2 protein chains.
Amino acid sequence: MEDQADVEMLGRTELFRGAPVDLLRDIQRAAFRKRFSAGDTVLQQGDAAATVYIVVAGRLRATQTTLDGQQVIIRYLGPGEVAGYAALAGGETFPGAVIAVDDCHLIGWSATAIQELMARHAGIAINVVKLLGARYLDIQVRLRELSTEKVERRIAHTILRLAQQAGRRTVRGIEIVFPLSRQDLAEMSGTTLHTVSRTLSAWEERGIVACGRRRVVVAKPPLLEAIAEEPD
Amino acid sequence: MEDQADVEMLGRTELFRGAPVDLLRDIQRAAFRKRFSAGDTVLQQGDAAATVYIVVAGRLRATQTTLDGQQVIIRYLGPGEVAGYAALAGGETFPGAVIAVDDCHLIGWSATAIQELMARHAGIAINVVKLLGARYLDIQVRLRELSTEKVERRIAHTILRLAQQAGRRTVRGIEIVFPLSRQDLAEMSGTTLHTVSRTLSAWEERGIVACGRRRVVVAKPPLLEAIAEEPD
DNA sequence: CTGGTTTATTGCGCCAGCGCAAAGATGCCC
DNA sequence: GGGCATCTTTGCGCTGGCGCAATAAACCAG
């Protein structure tokens, strides 16, 4: 039965880990499912923070856009992860957008439902604390990289991080499993697509990476790590 | 009685807001007090995340330092705010350091005590969620600024933010109440002290700011806001 | 297969901001 | 009040990486 599978899946997410089975069943009953196609907007920047999602399948991108249209990618999220922190933390509106990169399958709850859940079950609130703590840590590190490192190192770090969280071993090396353009890498590394393109070309020359249209494969991780760590 | 005053103070912090008085009393009894002089290290990067503090008086700086000694300032914190998130979120070690900028007076708890408190009182866990959510929001915005804005705008944003959270109205304008060097501003804006110095000199010329040794006063906030918002 | 769209590459010139270095200002401690 | 440490200013030259622009390659739809 599908619901049963759902319950097991929920029990493995960062949000509901450790919850007793009967609670998971309640949670599952309160949820709704939703599918999105690649490119769809799941959460819109500025909209009321009324929904929280967990990713069942597919890959999403959290971004933040300025008034003048400049965009940065805050992070990518995959199966088991949470989209819509603002709704957890009691924010009024979403500070950024979440876009489907692949075709995606999500499970969602209303903000009020989740907040009530947290109020009734401290364990879930603590899961949220851990999850936000982990995100805060990640983003601190990126802030430091952005402030102190030169572009090449930043791009290297960005790719290594993506390979870590969404890499698949292949004969050619570690392939990032979702489509990732030069522009995307630029928006994660705080640079321009031109500089990313030039950098990747140079690396390709040296056999460190292999890339195609919206594809990146890390052929020689140790060399890329060396670049990421070498001082300016 | 001093304890009574403490309890009231705790009830107004972001961490314990909304807790019933008798719980606050328990919390207060479990706490220890500690004083630090300007320049002292309160939490050391890499140390076991075993303590959480609330600032009673004074001002602190949260930083993160790289292996090669480069430093960024994550944020400043003042009265009522929490130092040592890692201990709340169940992290192993502190990802950054916290340093006293002024002479400071703090109240602290062991990580285990606070975690037990969260587990027993969902309201407190929810306060932590809100607090981490707010920090995450702040840092997202800074990440975007750092990625997309030119230095002058970034410095303007940095100063405006500091004026917002630690500004005092005076005849000369809004004064940032704690000592703040050019180097500090550089480490918050992702630039060098030289560029900060040059920029502030130019602004001083135009009467937008007035500054001295480790002092910054925003004389004409609207003009500074204009700089912060003007497109590149 | 064709035409159109999106994505990637690369040459070229320029300039914002860095890094160095040296001098100057300010505050503190004895 | 004098000496010292810390902090700030400013000139100068250089360069990393941006921005533009034009071309090329890959993909898609019909």
Side-chain angles (χ1 to χ4, degrees), chain A residues 37-39 61 68-73 99 101 145-156 158-159 176 178-206 209-217 227 230-232, chain B residues 37-39 61 68-73 99 101-103 145-156 158-159 176 178-206 209-217 227 230-232:
Chain A
S37 307
R61 166 174 49 220
D68 53 318
Q70 298 225 69
Q71 196 176 82
V72 299
I73 297 177
I99 313 270
V101 175
E145 286 177 8
L146 211 47
S147 304
T148 63
E149 294 178 357
K150 290 227 170 68
V151 239
E152 191 180 19
R153 282 185 74 181
R154 297 207 304 266
I155 298 172
T158 301
I159 291 178
I176 290 166
F178 56 88
L180 180 72
S181 70
R182 307 290 180 272
Q183 176 70 38
D184 295 336
L185 278 170
E187 287 175 9
M188 293 200 81
S189 316
T191 179
T192 61
L193 80 162
H194 307 277
T195 300
V196 171
S197 180
R198 280 183 256 265
T199 306
L200 287 190
S201 295
W203 288 349
E204 196 145 26
E205 200 100 346
R206 295 169 57 193
V209 297
C211 24
R213 190 190 171 87
R214 308 224 280 160
R215 279 295 136 201
V216 179
V217 181
I227 291 171
E230 82 197 355
D232 295 327
Chain B
S37 307
R61 166 175 49 220
D68 52 317
Q70 299 225 66
Q71 196 175 82
V72 299
I73 297 177
I99 313 269
V101 174
D102 285 325
D103 290 354
E145 286 176 7
L146 211 47
S147 303
T148 64
E149 295 178 357
K150 289 228 173 68
V151 240
E152 191 180 18
R153 281 185 75 180
R154 297 207 304 266
I155 299 171
T158 300
I159 292 179
I176 291 167
F178 56 88
L180 180 73
S181 70
R182 306 291 180 271
Q183 176 71 38
D184 296 336
L185 278 170
E187 287 175 9
M188 293 200 80
S189 315
T191 179
T192 61
L193 80 162
H194 306 276
T195 299
V196 171
S197 180
R198 280 183 256 266
T199 306
L200 286 190
S201 295
W203 289 347
E204 196 147 27
E205 199 100 345
R206 295 169 57 192
V209 297
C211 24
R213 190 190 172 87
R214 307 225 281 160
R215 279 294 136 202
V216 178
V217 181
I227 291 171
E230 82 196 355
D232 295 326

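Predicted, not measured: the structure shown is a model, and the values here were computed from it.
- Put simply, the side chain of B/Asp103 gets close to the backbone of B/Ala38: a donor and an acceptor are under 3.5 Å apart.
- The shortest heavy-atom contact between B/Thr158 and B/Ser189 is OG1-OG, 3.2 Å.
- As a whole-Å value, the separation of B/Arg215 CZ from C/dA25 C1' is 16 Å.
- The structure places CD1 of B/Ile159 at 5.0 Å from CG of B/Leu200, a figure rounded to the nearest 0.5 Å.
- Both A/Glu204 and B/Gly190 lie near DNA chain C, and the one whose nearest nucleotide falls closer to the 5' end is A/Glu204.
- Contact of B/His194 with D/dT8 (side chain to base): no donor-acceptor pair of N or O atoms is detected under 3.5 Å.
- You'll find that the side chain of A/Arg213 is closest to D/dA26, out of C/dT9, D/dA26, C/dC18.
- Comparing D/dC18, D/dT8, C/dA8 against the side chain of A/Thr192 picks out D/dC18 as the nearest.
- Rounded to whole Å, the distance from CG on B/Leu193 to P on C/dA21 is 15 Å.
- Phosphate proximity of C/dC18 to B/Thr191: present, with a side-chain N or O under 4.0 Å from OP1 or OP2.
- Rounded to a whole Å, the NZ atom of B/Lys150 is 16 Å from the C1' atom of C/dC18.
- Not a single donor-acceptor pair, N or O on each side, falls under 3.5 Å between the base of C/dG27 and the side chain of B/Arg214.
- Set against D/dT9, C/dA8, D/dG17, the side chain of A/Arg182 has C/dA8 as its closest nucleotide.
- One atom, CG of A/Leu200, and another, P of C/dA8, lie 9 Å apart when rounded to the nearest Å.
- Going from atom CH2 of A/Trp203 over to atom P of C/dT9 covers 13 Å, rounded to whole Å.
- Among the nucleotides D/dT8, C/dT9, C/dC20, the one closest to the side chain of B/Arg198 is C/dC20.
- Summary of the strand contacts: A/Glu152 and B/Ser201 both lie near DNA chain D, and taking for each the nucleotide with the nearest heavy atom, the more 5' one is attributed to B/Ser201.
- For C/dT9, the OP1/OP2 oxygens have a side-chain nitrogen or oxygen of A/Ser197 closer than 4.0 Å.
- Checking side-chain atoms of A/Glu204 against main-chain N and O of A/Cys211 turns up a donor-acceptor pair under 3.5 Å.
- Atom CZ of A/Arg153 is separated from atom P of D/dG17 by 12 Å (rounded to the nearest Å).
- Sparse packing is recorded around CZ of B/Arg206, with 12 or fewer heavy atoms of other residues, nucleotides or ligands lying under 6.0 Å away.
- Here the C1' atom of nucleotide D/dC7 and the CG atom of B/Leu185 are 13 Å apart, to the nearest Å.
- Between B/Asp184 atom CG and D/dC7 atom P the separation is 8 Å, expressed in whole Å.
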